[in-house]
Enquirer: 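Here you go, one structure.
Order of appearance sets the numbers: ligands from 1, and atoms from 1 within every ligand.
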Amino acid sequence: MPVPLLDVNAQNHPLAPKLREAFERVLASGQFIMGPDVLAFEQECAAMLDVKHAISCSSGTDALVMALMALGLGPGDEVILPTFTFFATAGSVARIGATPVFVDVCPICFNIDAEKADAKITPRTKAIMPVHLFGQSADMDAIETLAQKHQLWIIEDCAQAIGARYKGKACGTIGHYGAYSFFPSKNLGGFGDGGLLVTNDDTLAEKARMMRNHGMQPKYFHSVVGGNFRMDTLQAALLRVKLEEYDQYTVGRQRNAAYYTEKLSALPGVVVSDPAHCQCAERQREWLAENQAKLVLPIPYAHNDHIWNQYTIRVIGEGRRDALKQHLQDRGIGCEVYYPLTMDQQACFAHLPETSRNNCEIAHRLATEVLSIPIYAELTKEQLDEVIDVLGTWLSVCSQP
Ligand SMILES: *Cc1c(COP(=O)(O)O)cnc(C)c1O
C-alpha cells in the first residue's frame, strides 16, 4: 500500500461543497482585491491566535520581508537566524539587503541555540528570527532575554507552526512580529500561496499594512516604498473554510505522532530523543552509542504544544539516512529530507563573512541524519502501520551482522 508524504486532496475534497460556495460568493461580489473575506479571515486568525492584529499577505516569505521592511532594516544591519531552516528565512533577510548571521541549533528540537546566538551578536545586530521548525516552538524565554539584553527586534518564523504554543502562548505572538504561511504543505494549507503577519503593537501593525500596499497612506501618497504583498480575496474566502476545521487537523497530526512514537520506540535500535543526554554533542554521541541507537524519534519539550508539521526522525550512522530513504521510497512510502543543506552551506551565502557562517556543527550533522515521514491528519491506521512495518524491516536488515 503506497503512503504519500502528504495528500492534500484527502483534506480538501470533503470540503468541496463549502469551498464552491465560497468561490461563488467571491465571484458574485466581483471584489477580488481586499474584499470582505480578507478582513473576516484576518479577524478569525487574530481570534484563534489571541493577538491584536493579523495582516494577511501573499506568502510566508512576503510576511517575513514585510516585517523586515516595516522595521526599516537594510544594508549594514545583521539579523540572527538558525542555520537549519527552510531557505525563505535567510532569503528574506538577504533580499532586503541585510546580512543573515547563521546560528547552530539544538539537536532535540532542531531550533536555534540561544547561547550560541549570544556569541554572534555584534553592534550591527538588529533582529533575531527564531524559526519554530517542524511545528515546535523555539526557546522563547531565552530569546526574549537575549533580545532585551541587546535591544533586538524579534520576528518569529511560524511558517510551520500556526497554532503551536510555547508555555500556553501561541507561537508568533511572543515576539514583535510573527509570520505564517498557507503554502499547501503547511498545517493550514491553502489553494496556492498565502501568508499572514501578526503583532500586538499598533504602530508595527500600521507599518506592516502600509508595506503590504506600496507604502501608500492615504491613497496615492507614499512616504515609504513598500510592495504589493496582498492576499487575494479568493484565497481568504477558501482559507476561511479550512480555518473552521483547523483544530481537528492538529488533533489528527498529534494522534499520529503519538502512535508512531509508541509503536516505533518498542523496536530494537530505536530511542526517543532525551533532553538529559543531548545538550552536549560529546555526551550525546556516547549516549547514542551506549543505546546502539539506529533511529532517534522526535519528542517535544514539555512546555511546548507541538503541531507536527513534520515528524522528523534522525538516522544514525554514516550513509544510513540515504539508505533508509531509498528503502522507504522503494516500498511506496513517501519521505523527504528537510533539509539536506544548512544555510551556512548554501552557495549563495558563500561570500558572507566567516563569522556569519562558523560554529554550526550540530546542524551539519542533522542535515545528514534527518528524514521526515508521513504525518498528515488523514492518514489511516493501516497506512501508519505500513510505515511502521517498513521501518521495522529496515531495522532488522541493518542489525544483521
Ligand atoms: C514555508 C516556509 C516559509 C515560506 O513560506 P511561503 O509561504 O512558502 O513563502 C518560511 N519559513 C519556513 C520555515 C517555511 O517552512
Enquirer: Looking only at protein heavy atoms, which one is nearest to atom 4 (C) of ligand 1, and how far off is it?
Expert: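 Result: Thr61 OG1, 3.5 Å.
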Enquirer: May I ask you to check whether Thr85 has an N/O atom sitting below 3.5 Å from an N/O atom of ligand 1?
Expert: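 Among all N and O atoms of Thr85, none is under 3.5 Å from an N or O of ligand 1.
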Enquirer: Using a strict threshold of under 4.0 Å (side-chain N to carboxylate O), is an ion pair present between Lys149 and Asp118?
Expert: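 Yes, charged N to carboxylate O under 4.0 Å.
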Enquirer: Taking non-hydrogen atoms only, is Asp157 closer than 4.0 angstrom to ligand 1 via side chain, backbone, both or neither?
Expert: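 Under 4.0 Å from ligand 1, Asp157 contributes side-chain atoms alone.
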Enquirer: Among Ser181, Gly190, Ala88, Ser92, which one has a heavy atom closest to atom 7 (O) of ligand 1?
Expert: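 Looking at heavy atoms only, the winner is Ser181.
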Enquirer: Would you say Gln160 and His132 are linked by a side-chain donor-acceptor pair, where the criterion is simply a distance under 3.5 Å?
Expert: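 No, because no side-chain N or O of His132 sits under 3.5 Å from a partner of the opposite role on Gln160.
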Enquirer: Give the atom numbers and elements of ligand 1 that come within less than 4.0 Å of a heavy atom of Gly60.
Expert: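 The atoms of ligand 1 under 4.0 Å from a heavy atom of Gly60 are 5 (O), 6 (P), 7 (O), 9 (O).
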Enquirer: Any donor-acceptor pair under 3.5 Å linking the side-chain atoms of Gln11 with those of Lys242?
Expert: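 Yes, a side-chain donor-acceptor pair sits under 3.5 Å.
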Enquirer: Any salt bridge linking Arg365 with Glu369? Criterion: basic side-chain nitrogen under 4.0 Å from a carboxylate oxygen.
Expert: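 A salt bridge is present here (some side-chain N lies under 4.0 Å from a carboxylate O).
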Enquirer: Name the one of Thr312, Val315, Ile313 that satisfies side chain to side chain contact (heavy atoms under 4.5 Å, CB included) with Val370?
Expert: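 One option only clears the test, and that one is Thr312.
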Enquirer: Is there at least one pair of N or O atoms, one from Lys186 and one from ligand 1, spaced under 3.5 Å apart?
Expert: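 For ligand 1, there is an N or O atom that lies under 3.5 Å from one belonging to Lys186.
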Enquirer: Going by atom types alone, do Tyr166 and Asp141 pair a side-chain donor with an acceptor below 3.5 Å?
Expert: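 Tyr166 vs Asp141: donor-acceptor pair found between side chains.
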Enquirer: Going by distance only, is there an N or O of Val131 that falls short of 3.5 Å from an N or O of ligand 1?
Expert: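 In fact, backbone or side chain, Val131 has no N or O that close.
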Enquirer: Using a 4.0 Å cut-off to any heavy atom of Ser59, which atoms of ligand 1 qualify?
Expert: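 This gives 7 (O), 9 (O) as the contact atoms.
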